[in-house]
Asks: 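Once you've had a glance at the structure underneath, I'll fire off some questions.
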Amino acid sequence: MNLIVQKFGGTSVRDAQRILNVARIITDTYQKGNNVVAVVSAQGDTTDDLIAKAMEINEHASKREMDVLLSTGEQISMSLLAMAIEKMGFPVISLTGWQAGFLTDSTHGAARIRRIHKERVDNELSKRNIVIIAGFQGMNRYDDITTLGRGGSDTSAVALAAALHADLCQIYTDVDGVYTADPRLVPEAHKMDEITYDEMLELATLGAGVLHNRSVEMAKKYNVNLEVLSSLTQNPGTKIKEVVKVEKMLIRGVARDNDVARISILGVPDLPGIAFKIFSRLAAKKVNVDIILQSIGRDDTKDISFTISRAHKEEALAVMEAINEQFGGKGVICDDNISKVSIVGAGMQSNPGVASKMFEALSEANINIQMISTSEIKISVLVALSDSDKAVNVIHDAFDL
């Protein structure tokens with residue numbers, strides 16, 4: 001008997017009709033002789049609505065209390081879905097994240113899963129119950145509720161699949177797989193039948209919203225058999241695995257991320273240790289840094305630029321202003337009117353000319369490149385926010401995706 005973990009996002013359970021549809025998907029899987037564990041997100045805009053309610057009461061509410069509040073969104077989804085399955089005559093039980101054994105660290109709002117005590121879930125499956133679990137949440141060692149941050153339900157599902165040694169983990173969304181680009185931006189984008197963990201991880205990290213990068217990291221680490229598919233159609237999805245069929249395609253996809261700010265510190269002394277001081281202080285503030293560019297020193301000074309998420313802009317600026325004052329720099333500037341556009345493909349590492357083809361496409365479209373970052377399987381460029389849509393389309397066309 002196979003064990004299948006199915007995760008349903010907020011749009012899949014946003015109203016009664018969608019919940020009944022999800023109930024049918026789960027029970028169809030169950031009737032085929034499988035054990036089923038389903039992980040659910042909060043309905044539609046519930047999380048945003050809860051945040052708005054909190055802001056009405058206390059704009060500076062503690063992260064602990066925010067976790068207590070936000071965790072209720074997934075509990076609504078799990079109980080309503082269990083009721084729908086119950087009505088259909090199937091054995092079912094709903095569990096919160098902590099009832100399902102999710103033990104996390106104590107970083108409220110962005111907790112990491114430490115381990116899963118899976119005894120309760122195993123016990124329910126042994127009774128042939130369908131198990132519905134609230135994603136995005138767990139409990140720390142002090143018995144406080146925690147939430148896993150952005151994409152947390154994806155991470156919950158993959159972690160469960162790994163802990164339970166599931167035969168398959170299906171991520172149901174409102175799109176029917178992973179596309180070569182966002183089909184809302186690029187009408188010619190097409191769905192891929194399969195993609196490697198590494199390529200999917202890069203696309204997820206670079207702004208493709210189908211899967212969260214933490215869930216892909218975990219799937220790769222524990223070799224979870226992963227599939228992305230739509231809860232609204234019966235179409236086959238995209239399989240994510242270690243090795244895929246060899247194809248001629250050098251580039252697998254184009255991604256765009258508009259949640260980017262670039263910060264530059266100008267004219268700091270060209271001395272050993274400056275970069276360490278900057279990035280160690282940013283790390284202490286839990287600010288994730290992406291692209292980094294350091295200029296060649298002139299007149300014993302240098303400029304250092306880097307990109308971050310816009311959400312961390314204020315913390316990063318405070319750190320950089322302090323560094324600028326301490327070392328006598330010439331100022332700090334910030335630009336959040338930019339976008340990061342990237343191409344991803346395992347084939348590019350053994351094929352010269354990929355970068356020049358990308359840059360040529362941007363040049364012919366009169367799009368200026370502000371910064372460049374490369375790895376073995378990706379090339380990212382910063383462009384003006386107003387050029388981002390056009391950049392994705394011209395790159396997609398240039399590689400004939």
Side-chain angles (χ1 to χ4, degrees), residues 48 51 55 59-60 63 107 109-110 149-151 185 202 204-209 212-213 254-343 359 362 365-375 378-392:
D48 290 338
I51 291 171
M55 294 301 103
E59 291 182 5
H60 306 289
K63 290 185 176 180
T107 309
R150 184 168 165 255
L185 292 178
E202 289 287 6
T205 303
L206 297 168
H212 195 262
N213 58 339
V254 186
R256 179 191 73 173
D257 184 2
N258 289 344
D259 180 26
V260 181
R262 184 184 66 231
I263 294 180
S264 303
I265 184 167
L266 311 176
V268 290
D270 189 12
L271 299 170
I274 293 290
F276 164 71
K277 286 183 171 61
I278 290 171
F279 296 109
S280 63
R281 292 187 192 180
L282 290 170
K285 296 286 187 182
K286 297 200 177 335
V287 175
N288 287 325
V289 175
D290 186 19
I291 302 174
I292 301 172
L293 178 66
Q294 177 176 299
S295 68
I296 298 172
R298 293 187 186 88
D299 301 323
D300 297 324
T301 68
K302 59 190 173 187
D303 303 338
I304 297 176
S305 301
F306 57 88
T307 61
I308 55 169
S309 164
R310 290 181 184 176
H312 293 134
K313 185 172 72 171
E314 298 307 321
E315 298 101 305
L317 280 172
V319 168
M320 300 310 288
E321 293 289 359
I323 292 277
N324 184 64
E325 188 172 337
Q326 179 180 354
F327 292 99
K330 295 179 181 176
V332 176
I333 55 177
C334 176
D335 183 4
D336 58 7
N337 195 32
I338 55 174
S339 177
K340 179 170 65 176
V341 178
S342 310
I343 57 173
F359 301 156
L362 294 172
N366 201 30
I367 297 172
N368 186 45
I369 298 171
Q370 301 182 20
M371 286 174 77
I372 302 168
S373 172
T374 65
S375 75
K378 71 112 193 256
I379 301 171
S380 296
V381 296
L382 288 189
V383 300
L385 186 61
S386 57
D387 286 331
S388 65
D389 286 8
K390 182 164 62 164
V392 171

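Along the sequence shown, residues are numbered consecutively beginning with 1.
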Asks: Got Leu293 and Ile291 here, is their nearest side-chain heavy-atom distance under 4.5 Å?
Replies: no
Asks: Could you tell me if the side chain of Ser373 sits less than 4.5 Å from the side chain of Lys378, heavy atoms only?
Replies: yes
Asks: With a 4.5 Å limit on heavy-atom distance, are the side chains of Ile292 and Phe279 in contact?
Replies: yes
Asks: Looking at Asn337, Thr307, Ile308, which one forms a side chain to side chain contact (heavy atoms under 4.5 Å, CB included) with Val260?
Replies: Thr307
Asks: Tell me, do Lys390 and Ile367 make a side-chain contact under 4.5 Å, heavy atoms counted?
Replies: yes
Asks: Could you tell me whether the side chain of Asp290 reaches within less than 4.5 Å of the side chain of Lys340, counting heavy atoms only?
Replies: yes
Asks: Does Val319 reach the side chain of Ile278, with side-chain heavy atoms less than 4.5 Å apart?
Replies: no
Asks: Within the 4.5 Å heavy-atom criterion, are Leu282 and Phe306 side-chain neighbours or not?
Replies: yes
Asks: Working to the nearest 0.5 angstrom, can you tell me the gap between Met371 CE and Ser264 OG?
Replies: 7.0 Å
Asks: Within the distance-only criterion (no hydrogens, no angle test), does the side chain of Arg310 pair as donor or acceptor with the backbone N or O of Asn258 below 3.5 angstrom?
Replies: yes
Asks: Are there more than 12 heavy atoms of other residues, nucleotides or ligands under 6.0 Å from atom CD of Gln326?
Replies: yes
Asks: For the side chain of Lys313 and the backbone of Ala261, is there at least one donor-acceptor N/O pair under 3.5 Å apart?
Replies: no
Asks: Taking side chain as C-beta onward, heavy atoms only, is Leu385 less than 4.5 Å from Ile338?
Replies: no
